[in-house]
Amino acid sequence: SRGLIRAKCDLLLAVSSSFDNVTPGLASSLHDTLKLSRECSVLSLNDACTGFVKSLNIAVSMVASGLAKDVLAVLADTYSAFYSVGDIAVSTLFSDGASSFLVSKSRPVGFPGAAPIKFEAVSNSSATAGHLRSILEISKDAGSTAEFPSLRMSGGAVYGFVLAQAPTVVSNLVEKTGLIEEEKIR
């Protein structure tokens, strides 16, 4: 099945917030590692928590628009490089991991378990708050060395942000799907 993906993939989408190269990004490195064809385009995204949802939306949009037929998305992070194991503010929540998925215009041949899935975005709620970026960040500053950026999080502030956004997100989802709210959100 790897050879099949290698032959069909016309867009490689790579998402990471911990890749150590500014440019070229992770997609370029993976393109070489996976030995993808020269006709396969690459796109690197620097994202964390919402990376899966954003990459799925991009992959589906690229296929639906006809700009790509087969999009391989790879999400990978190595957060353990950015914190001390003893830092319980972040070490209990962040770890290393990777996943991938393929979005294809046609049913993938050679993948016996693969079945077409209809994907529809019913709500797009990206409550972006750039002014709050310091409550969860990986950066090189006074708290890190030049070679070793650090991951810092203000758990209470992140939790407060999520709680403040939840009512709007749920209300939008209820409205767009036609579901009935059982209980009013406060």
How close do Ile58 and Leu45 get, counting heavy atoms only, and between which atoms?
CD1-CD1, 3.6 Å

If you measure from OG on Ser41 to CG on Leu12, what distance do you get to the nearest 0.5 Å?
9.5 Å

Which atom of Ala76 lies closest to which atom of Ser18, heavy atoms considered
O-OG, 4.3 Å

Just wondering, do Leu75 and Ser55 contact through their side chains at under 4.5 Å, heavy atoms?
yes

In terms of heavy-atom contacts, Ser16 and Asp77 come closest through OG-OD1, 3.0 Å

What are the two closest non-hydrogen atoms of Val71 and Leu13, and how far apart are they?
CG1-CB, 4.3 Å

Looking at Ser28 and Pro24, would you say the former's side chain and the latter's main chain have a donor-acceptor pair under 3.5 Å?
no

Rounded to the nearest 0.5 Å, how far does CE of Met62 lie from CG of Asp10?
8.5 Å

Shortest non-hydrogen contact from Tyr79 toward Ser95:
CD1-O, 3.3 Å

Just one of Leu36, Leu72, Leu26 clears the side-chain contact (heavy atoms from CB on, under 4.5 Å) bar with His31, so which one?
Leu36

Greater than 12 external heavy atoms within 6.0 Å of Tyr159's OH
no

Search all heavy atoms of Ser37 against all heavy atoms of Cys9 and return the closest pair with its distance.
OG-O, 4.5 Å

Under 3.5 Å, is there a donor-acceptor pair linking the side chains of Asp96 and Ser80?
yes

Check: Phe82 ring centre within less than 6.0 Å of Phe94 ring centre
no

Salt bridge (charged side-chain N to carboxylate O under 4.0 Å, His left out) against Asp32, all qualifying residues, sequence neighbours excluded:
none

For residues 67-76, the salt bridge (charged side-chain N to carboxylate O under 4.0 Å, His left out) pairs (sequence neighbours left out) are Lys8-Asp70

